Amino acid sequence: MVEEAIALLRRPGETGRCAHQSDLAKALLNLSTVLGRLGRHAEAVASAREAVEIQHEPAMDDPDRYLLDYTHATTNFALVLSRAGCHDEATTVAQEAVMRYRRMLDYGPDDVQPWLPVALTNLGVVLTEQNRHEEAVPFMTEAVERYRDLVGTDESYRAKFGESLYNLSIGLAAIGDRDSALKVNEAAILEFRQAAHTDPGYLHMVATALETRSLLLSEMGRPDDAAGYEADAAELRGTLRLLLSEADNPDEVVPPRTSGSG
């Protein structure tokens, strides 16, 4: 389906060049996501790289109109590169995306605000996948604070705030700060519970965070507490399976994706 759309978008002369190219770039990014999930990482990188190259010239020619889309593309490209094992290039691309968003914020377009924490999260993920946890944690921390600000004015960012807290808890645990990881994990669970009020699929993330909490407690020598949270997670997963089986449309109750992408 995506490949058919790309073939159609490659036909010349259907729309103005930039608009047409933008649609093609978005389709290529979607294709790279599909290919990555299938484990076809080299093809995913090629598709995402083409998307970035397509958007580069319009972004340089008319940055007010196209630079934001180009930066979105590079943010996603960094994750594709990282998952393909191209860690050095992934780090450079992710860092550049963060810097671009920061520069765009300097002249204040409101639609940039939600994207900087996405880029910060992705940079944290790229560094984490290289076991560079000490470097990743500051970016994850900033992502949390920026999502906290967004939630203050728009509740729709609550789930993303929860995801950023969860990512930070994992990062803190990786550098050995389990006490802080436990506190941040508790905050993530609360945010996921709130998000689940409007999207029951987030019960999956509540259960995942409870399981992570159980593991942390076990590593801290608190097996009884760990067992309690493990049991809570198992009960919650049972509830989610029941919701899935009873839903008229199972697609309405699905676990959300938390990859850091936009």
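In this text, all values refer to a predicted model and were calculated from it rather than measured experimentally.
Using modelled atom types, no side-chain atom of Ser82 and backbone atom of Leu79 make a donor-acceptor pair closer than 3.5 Å. For Thr153 (side chain) and Leu150 (main-chain N/O), a donor-acceptor pair under 3.5 Å exists by modelled atom type. Side-chain N or O atoms of Ser169 include none that pairs as donor or acceptor with a backbone N or O of Ala181 at under 3.5 Å. With hydrogens and angles ignored, the 3.5 Å screen pairs a side-chain donor or acceptor of Thr208 with a backbone N or O of His204.
The salt bridge (Lys or Arg N to Asp or Glu O under 4.0 Å) contacts involving residues 181-195 comprise Arg158-Glu191, where partners must be two or more places apart or lie in separate chains. Legend: salt bridge (Lys or Arg N to Asp or Glu O under 4.0 Å) pairs involving residues 167-178, not counting sequence neighbours, sorted by first then second residue: Arg178-Glu219. Among residue pairs with one or both ends in residues 69-91, those qualifying as ring-ring contact (aromatic ring centres under 6.0 Å, His included) are His56-Tyr70, His72-Tyr101, His72-Trp115; sequence neighbours excluded. Screening residues 225-235 for salt bridge (Lys or Arg N to Asp or Glu O under 4.0 Å), with sequence neighbours left out, gives Arg222-Asp225. Every pair passing salt bridge (Lys or Arg N to Asp or Glu O under 4.0 Å) that includes a residue from residues 117-140 is listed here, sequence neighbours excluded: Arg132-Glu135.
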Q: Tell me, with the steps shown, if Thr71 and Thr74 meet side-chain contact (heavy atoms from CB on, under 4.5 Å).
A: CA-CA 5 Å; Thr71 308; Thr74 60; 4.1 Å; yes
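Remark: Ala174 engages His133 in a side-chain contact (heavy atoms from CB on, under 4.5 Å) (not counting sequence neighbours). Residues that satisfy the side-chain hydrogen bond (donor to acceptor under 3.5 Å, both in side chains) test with Glu43, not counting sequence neighbours, are Arg40. Glu53 meets the side-chain hydrogen bond (donor to acceptor under 3.5 Å, both in side chains) test with no other residue; sequence neighbours excluded. Qualifying side-chain hydrogen bond (donor to acceptor under 3.5 Å, both in side chains) partners for Thr212, counting only residues two or more places apart in sequence or in other chains: Tyr166. Under the rule for a side-chain contact (heavy atoms from CB on, under 4.5 Å), Ala46 has no partner lying at least two apart in sequence or in another chain. Remark: Thr91 engages Gln130 in a side-chain hydrogen bond (donor to acceptor under 3.5 Å, both in side chains) (not counting sequence neighbours). Residues forming a side-chain contact (heavy atoms from CB on, under 4.5 Å) with Arg148 (at least two apart in sequence, or on another chain): Val144, Glu145, Phe161.
Side-chain contact check for Arg213 and Ser218: no donor-acceptor pair (N or O, by modelled atom type) lies under 3.5 Å.
Looking at Met140 and Leu120, their side chains never come closer than 4.5 Å, going by heavy atoms from C-beta outward. Side-chain contact between Leu81 and Arg49 is present, with heavy atoms from C-beta onward closer than 4.5 Å. Contact of the Leu210 side chain with the Val206 side chain is registered, since non-hydrogen atoms from C-beta on lie closer than 4.5 Å. Side-chain contact between Thr121 and Tyr147 is present, with heavy atoms from C-beta onward closer than 4.5 Å. Looking only at side-chain heavy atoms (C-beta outward), Gln194 and Leu190 stay at 4.5 Å or farther from each other. Proximity of Met99 to Met104: side-chain heavy atoms (C-beta onward) are nowhere separated by under 4.5 Å. Side-chain contact between Leu35 and His41 is absent, with no heavy-atom pair separated by less than 4.5 Å.
The two residues Val126 and Ala78 make their nearest non-hydrogen contact at CG2-O, 3.9 Å. Shown here for Thr128 and Ala136, the closest heavy-atom pair between the two residues is OG1-CB, 3.6 Å.
Under a hydrophobic clustering in which Ile, Leu, Val, Met, Phe, Trp and Tyr are joined whenever their side-chain heavy atoms come within less than 4.5 Å, directly or via other members, Met205 and Leu215 fall into different clusters. Cluster membership for Leu123 and Leu29, using ILVMFWY side-chain heavy atoms within less than 4.5 angstrom, is not shared.
Rounding to the nearest 0.5 Å gives a distance of 8.5 Å between CD of Gln113 and CG of Asp149.
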